[in-house]
Amino acid sequence: EKIAILKGVVKKYNMDGYPLTAINNVSCTIPKGEITFVYGPSGSGKSTFLNILGMLDKPEEGEINILGQDVLALNDNQAADFRAKHIGFIFQSFNLLPVLSVRENVEFPLLHHGLSHHERREKAEYYLESVGLKEYVDRRPGAISGGQRQRVAIARALVTTPALVIADEPTANLDSSTSDEIIQLMLDMRSHFNTSFVICTHNENLLNESGRLIHIVDGKLQNIGVKQ
Ligand code: ADP
Ligand code: ADP
C-alpha cells in the first residue's frame, strides 16, 4: 500500500534570473507505515523534495498523488485542509512556540479540529506520554533539553493522527546519542501508530537504522533501496 506516488516531478528556482533545477524528474513511491530516509549531500534537493511531498511547495512539472488524491488539483484552501488533516511536520529547529507550555504546543494543531478544550488536552497528554514527557507537560520549551524539545515536536506532529510525518533533518541540532534516541522514538512511533515517516538527513549514522532509502544527488534520484 502506498501513501504517496510522485511521477516526473521537476522543481525549479530562480537564481538571479537563471533557472536552477532543484529536483529533476523525480519519480518514487512512499510506502504506508514505513520509515523512508532521504539522504544526499547538502544542496542536493532533499528539503525541496520534502517541501513538495509535504505540499508546502508546488512543482513546475509532474504528478503527486497522496492517499489517492491528486494534490496538485486542489486549490490553496483545499490543499491547506488536506495538509492539516493528513501530514505532520518535524523540523531541525523544533519550531515550538516559546510562550506556550509543552502541552499547549501539542494542543496547537488541534485548534481547528472542532474539539473541546478537554478533548484537546487529553489528546495532547496522551501523545506526550507516548513520547516519554508526561512529567514535562507544564514546562515551557525553554526549560527542557533539545532532545525533549524534539520529543514535543514529534508529539505535536502525531496528535492529529496524520498518515504521513515529514521530518527535515530532525537530529541536526542534537548530539549523537540524543539523535539515536530521537530516531529510535520515530521508529517506535511508526510501529505503534502505523504512521509513515519520511526523514531527510545527511547524517550517514542514521542510515544504519532499518528503513527504506531514497538517495538524491544534484536533484536526481540515484537509487531506491531497503536497508535491513
Ligand atoms: P538540501 O535540502 O539537500 O540541502 P535544498 O532542497 O535545500 O537541498 O536545495 C536544493 C538546491 O536548490 C540548492 O542549490 C539550493 O540552493 C536551491 N534552493 C533551495 N531553495 C531555494 C529557494 N527558495 N530559492 C532559490 N534556490 C533554492
Ligand atoms: P538544508 O540544507 O537544511 O535544506 P538550506 O540552508 O539549504 O537548508 O535551506 C534552508 C531554507 O532556505 C530552505 O527553506 C530552502 O528552500 C531555502 N534556500 C536554500 N537555498 C536557497 C537559495 N539559494 N535562495 C533562497 N532560498 C534558499
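Every number for a ligand or one of its atoms is a count from 1 in the order of the listing. These numbers were taken from a predicted model, which means no experiment stands behind them.
- Formation of a donor-acceptor pair under 3.5 Å by the Q148 side chain with backbone atoms of S145 is found in this model.
- Taking every non-hydrogen atom of S44 and a distance limit under 4.0 Å, the qualifying atoms of ligand 1 come out as 1 (P), 3 (O), 8 (O).
- Considering backbone and side-chain N/O of K46, one or more are found under 3.5 Å from N/O of ligand 1.
- We find that E125 and R103 are joined by a salt bridge, their nearest charged nitrogen and carboxylate oxygen being less than 4.0 Å apart.
- An N or O contact shorter than 3.5 Å links G43 to ligand 1 by distance.
- Side chain of E104 to backbone of S101: a donor-acceptor contact under 3.5 angstrom is found.
- In terms of polar-atom proximity, defined here as any N/O pair under 3.5 Å, G45 does make such a contact with ligand 1.
- Taking 4.0 Å as the cut-off, C200 does not count as a neighbour of ligand 1 on heavy-atom distance.
- Between E107 and K123, no side-chain nitrogen of the basic residue sits less than 4.0 Å from a carboxylate oxygen of the acidic one, so the salt-bridge criterion is not met.
- A donor-acceptor pair under 3.5 Å is formed between the side chain of K11 and the backbone N or O of K58.
- The ligand atoms of ligand 1 that sit less than 4.0 angstrom from a heavy atom of P41 are 3 (O).
- Of the candidates I52, L20, D16, I216, it is L20 that places a heavy atom closest to atom 14 (O) of ligand 1.
- Side chain of K46 to main chain of G40: a donor-acceptor pair is present (N/O by atom type, distance under 3.5 Å, no hydrogens or angles).
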